[in-house]
Every structure is written in C-alpha cells, then in structure tokens.
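Hydrogens, waters and symmetry mates are skipped; everything else that's a heavy atom, side chains included, is used.
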Amino acid sequence: LTDPIWSLRASPFSWIGPKRVRKPGIEFDELPRINLVVVSHNHYDHMDVSSLKSLYEKFAPIILVPVGVGKILSKVGIDNVHEMDWWDRLKVSKQTSVVFTPAQHFSARSLLDRNRSLWGSYVIQSRQYRIFFGGDTGYSGHFQEIRKRLGEPDLALLPIGAWDQEEFVKFIHMNSRDAVQAHLDLGSRKSLAMHFGTFQMSTARPIDQPAADLRQSLEEFNVDPNSFEVPIEGKTMIISLDELDQP
C-alpha cells in the first residue's frame with residue numbers, strides 16, 4: 001500500500017479539517033494480506049496514523065518511512081518500521097527491494113516541526129518489474145535523476161492535482177501538465193494518475209478538473225492516452241506490461 005488513509009478527515013482532529021468526498025477504493029475489512037506499506041512523508045493526507053495502526057494490528061506489515069518519521073509511529077506502538085534516506089535500498093523479500101528516492105516537497109505535522117523529517121518517493125523492484133511511486137511532489141529534475149540511476153519504470157504512480165492560480169504551491173505540487181512531463185522524464189511504460197479527487201484541499205478548481213486537464217495535456221504533448229490513465233476508485237485494473245511492448 002502507498003500512503004494509505006481510511007480516515008474521514010486528513011487532519012489531526014476528527015471534527016475539523018479536509019473531509020473526504022469519496023470512499024476508499026476498498027473497505028479496510030476487504031483488504032487482502034498486506035505485507036508492505038510505503039509512506040512518502042508526514043502530512044496528514046499521506047501519513048494517517050490511525051490507518052497505519054489498524055494495518056499494523058491486523059497484518060504487521062513492513063512499513064517504510066522517511067528519516068525522522070519513525071518516532072511518530074513508535075509512540076503509538078507500531079514496530080517493524082524502517083526509516084530511509086534518499087537512495088537507501090532495502091530488501092524486503094527474496095524477490096523485492098525498495099529504494100527511497102527524492103521528491104520536491106516538505107514535511108510538517110504542526111507549526112513547530114516544518115522540515116524536521118524527510119520526504120520522498122519510492123522505486124519498488126520486484127522480479128523483473130520496476131514500479132515508481134511519486135508521493136507528493138512538485139516538478140523538478142529529480143525524475144530524470146531517478147531514471148538515470150535506477151532505470152525506466154514499468155509503472156509509475158504520479159500526482160496530477162493540483163495547482164492552478166495558487167502560485168505558491170506550484171513548487172511542491174504538480175498539475176497534469178507537470179505530470180505528463182514527469183512521465184516522459186521517467187520514460188515510464190505506463191503511468192497512473194493519483195493525488196486528486198479524494199479530499200478538497202486548497203485549490204478553488206472543481207475536484208475532478210485534474211483528470212480533464214490530464215487528457216488535454218496528453219494531447220498537447222502528443223502522448224498516447226493509453227500510456228497514462230486515470231484509475232477509477234474501487235475498480236480493479238489489470239495491467240499487462242508485456243502488452244506495452246507490442247507496437
């Protein structure tokens with residue numbers, strides 16, 4: 001799982017803060033066995049301690065977090081946590097390893113701990129396949145650096161929402177146009193859009209606008225729309241990477 005959250009609000013409080021407008025794609029009790037969880041950074045819409053605690057109590061998965069985040073989870077009794085610095089690699093099973101990679105973002109859980117812990121993205125190598133999870137990020141040269149160091153991903157999960165008129169967040173979030181450029185920088189064989197449509201955050205645009213913008217950006221960049229899709233929450237997607245190699 002990547003940055004899992006089943007809570008109603010992305011907030012330290014149950015009664016105030018951004019409220020989800022869509023249900024999780026799968027109910028917690030319907031989850032298959034979870035062996036690995038990766039957390040990109042400590043913002044409340046990405047690191048939901050309540051969800052992580054429930055996952056730990058039910059499955060005891062390996063939980064990977066950035067440097068400085070582990071102490072938050074240890075306070076609530078979550079063990080089996082591995083802190084990672086950029087470019088650290090951890091072998092999590094006989095056939096799977098994970099590398100913690102850069103992102104352009106920041107961290108904070110309160111007004112007093114800004115950038116006291118790290119943030120980032122992940123590359124998951126399993127058998128011959130490579131998956132990139134972009135976390136939360138602005139567009140920068142780190143996508144090209146990740147490709148240079150670790151190779152092109154077979155599948156990339158990239159955020160598409162959003163900044164528009166809010167210039168102050170464009171360095172820490174990507175819009176759909178940025179995401180398409182990141183897709184090209186990575187050389188991803190297949191990308192899926194994420195980080196939109198669940199919580200109405202600061203943007204004043206309609207919550208579904210990033211998906212419409214993505215279609216327009218793919219056309220602008222002359223990129224095959226089948227290579228960068230918007231998943232529908234709750235719907236299973238079967239991705240045959242072998243088919244992507246066919247002309």
Side-chain angles (χ1 to χ4, degrees), residues 1-4 36-43 45-47 62-69 82-93 95-107 115 117-163 169-196 210 214 217-218 221 223-224 227-231 239 241 244-245:
L1 293 174
T2 59
D3 290 355
L36 175 67
V37 177
V38 298
V39 175
S40 63
H41 63 297
N42 69 0
H43 287 163
D45 59 325
H46 291 262
M47 191 177 83
I62 297 171
I63 302 177
L64 306 185
V65 300
V67 168
V69 172
H82 296 265
E83 288 194 340
M84 302 186 75
D85 201 351
W86 286 351
W87 306 115
D88 282 351
R89 180 184 294 270
L90 181 68
K91 191 167 185 176
V92 296
S93 73
Q95 297 178 314
T96 303
S97 63
V98 181
V99 180
F100 187 51
T101 46
Q104 183 168 281
H105 203 56
F106 74 105
S107 65
N115 293 342
S117 63
L118 197 55
W119 54 91
S121 55
Y122 290 89
V123 171
I124 302 166
Q125 180 81 41
S126 186
R127 298 180 175 86
Q128 73 269 36
Y129 298 116
R130 189 179 297 116
I131 300 171
F132 174 72
F133 168 58
D136 200 355
T137 183
Y139 175 76
S140 82
H142 69 276
F143 296 108
Q144 295 181 36
E145 179 68 13
I146 291 167
R147 177 183 184 176
K148 180 180 178 181
R149 290 200 184 202
L150 302 175
E152 300 174 350
D154 298 291
L155 178 67
L157 311 179
L158 295 172
I160 66 170
W163 68 266
V169 300
K170 75 176 185 179
F171 299 107
I172 57 172
H173 288 130
M174 295 201 298
N175 59 18
S176 60
R177 197 175 190 279
D178 295 331
V180 174
Q181 186 61 64
H183 166 80
L184 295 172
D185 288 356
L186 288 164
S188 176
R189 295 165 66 192
K190 178 84 170 183
S191 292
L192 296 179
M194 65 171 191
H195 200 266
F196 78 101
L214 178 62
S217 296
L218 290 168
F221 280 83
V223 173
D224 181 0
S227 71
F228 198 152
E229 296 188 58
V230 178
I239 300 170
L241 296 176
L244 300 181
D245 291 330

Taking all non-hydrogen atoms of both residues, which atom of [X] and which atom of [Y] are closest, and how far apart?
X: A179; Y: L158; result: O-CD1, 3.7 Å
X: L192; Y: P231; result: CB-CD, 4.4 Å
X: V39; Y: D3; result: CA-OD1, 3.2 Å
X: H142; Y: P102; result: CD2-O, 3.3 Å

(request) Could you list the residues that satisfy side chain to side chain donor-acceptor pair (under 3.5 Å) with S191, not counting sequence neighbours? (result)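 For S191 the side chain to side chain donor-acceptor pair (under 3.5 Å) partners, ignoring immediate neighbours, are H183, S188.
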(message) According to side chain to side chain donor-acceptor pair (under 3.5 Å), who are the partners of Y139, at least two apart in sequence or on a separate chain?
(response)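 D185.
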(message) One pair to check against side chain to side chain contact (heavy atoms under 4.5 Å, CB included): T137 and S121. What are the steps and the verdict?
(response) CA-CA 8 Å; T137 183; S121 55; over 6 Å; no
(request) For side chain to side chain contact (heavy atoms under 4.5 Å, CB included), just list the numbers for R189 and I239, CA-CA rounded to whole Å, side-chain angles, deciding distance to a tenth of an Å, and then say yes or no. (result) CA-CA 11 Å; R189 295 165 66 192; I239 300 170; over 6 Å; no
(request) Check I62, V123, V92 against V98 for a side-chain contact (heavy atoms from CB on, under 4.5 Å) and give me the one that passes. (result)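 Between V98 and the candidates, side-chain contact (heavy atoms from CB on, under 4.5 Å) is satisfied uniquely by V92.
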Measuring from [X]:[atom1] to [Y]:[atom2], what's the distance to the nearest 0.5 Å?
X: F228; Y: K190; atom1: CZ; atom2: NZ; answer: 10.5 Å
X: H173; Y: H195; atom1: NE2; atom2: NE2; answer: 4.5 Å
X: I160; Y: L214; atom1: CD1; atom2: CG; answer: 5.0 Å
X: T2; Y: F133; atom1: OG1; atom2: CZ; answer: 4.0 Å
X: R147; Y: F132; atom1: CZ; atom2: CZ; answer: 13.0 Å
X: N175; Y: Q181; atom1: CG; atom2: CD; answer: 11.5 Å

(request) Applying side chain to side chain contact (heavy atoms under 4.5 Å, CB included), run through W86 and L118 and close with a yes or a no. (result) CA-CA 9 Å; W86 286 351; L118 197 55; 3.7 Å; yes
(request) Give a yes or no answer on whether the side chain of R130 reaches the backbone of E152 with a donor-acceptor pair at less than 3.5 Å. (result)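 Here the side-chain-to-backbone pair exists.
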(message) Taking L64's backbone N and O only, do any of them form a donor-acceptor pair with H82's side chain (distance below 3.5 Å, no angle check)?
(response)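 Pair absent, no side-chain N/O of H82 close to backbone of L64.
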(request) Ignoring hydrogens and angles, state whether a donor on the side chain of D136 or S40 is under 3.5 Å from an acceptor on the partner side chain. (result)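 No pair is found: no donor N or O on one side chain lies under 3.5 Å from an acceptor on the other.
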(request) Would you mind reporting whether S107 and S117 have side-chain heavy atoms less than 4.5 Å apart? (result)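 Contact flag for S117/S107 side chains = yes.
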(request) Classify the ring geometry between H46 and H41 as parallel (under 30°), tilted (30 to 60°) or perpendicular (over 60°). (result)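 Taking H41 first and then H46, their aromatic rings sit tilted (interplane angle of 30° to 60°).
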(message) Could you go through F100 and W87, starting from their C-alpha distance and side-chain angles, then the distance that decides it, and tell me whether this counts as side chain to side chain contact (heavy atoms under 4.5 Å, CB included)?
(response) CA-CA 5 Å; F100 187 51; W87 306 115; over 6 Å; no
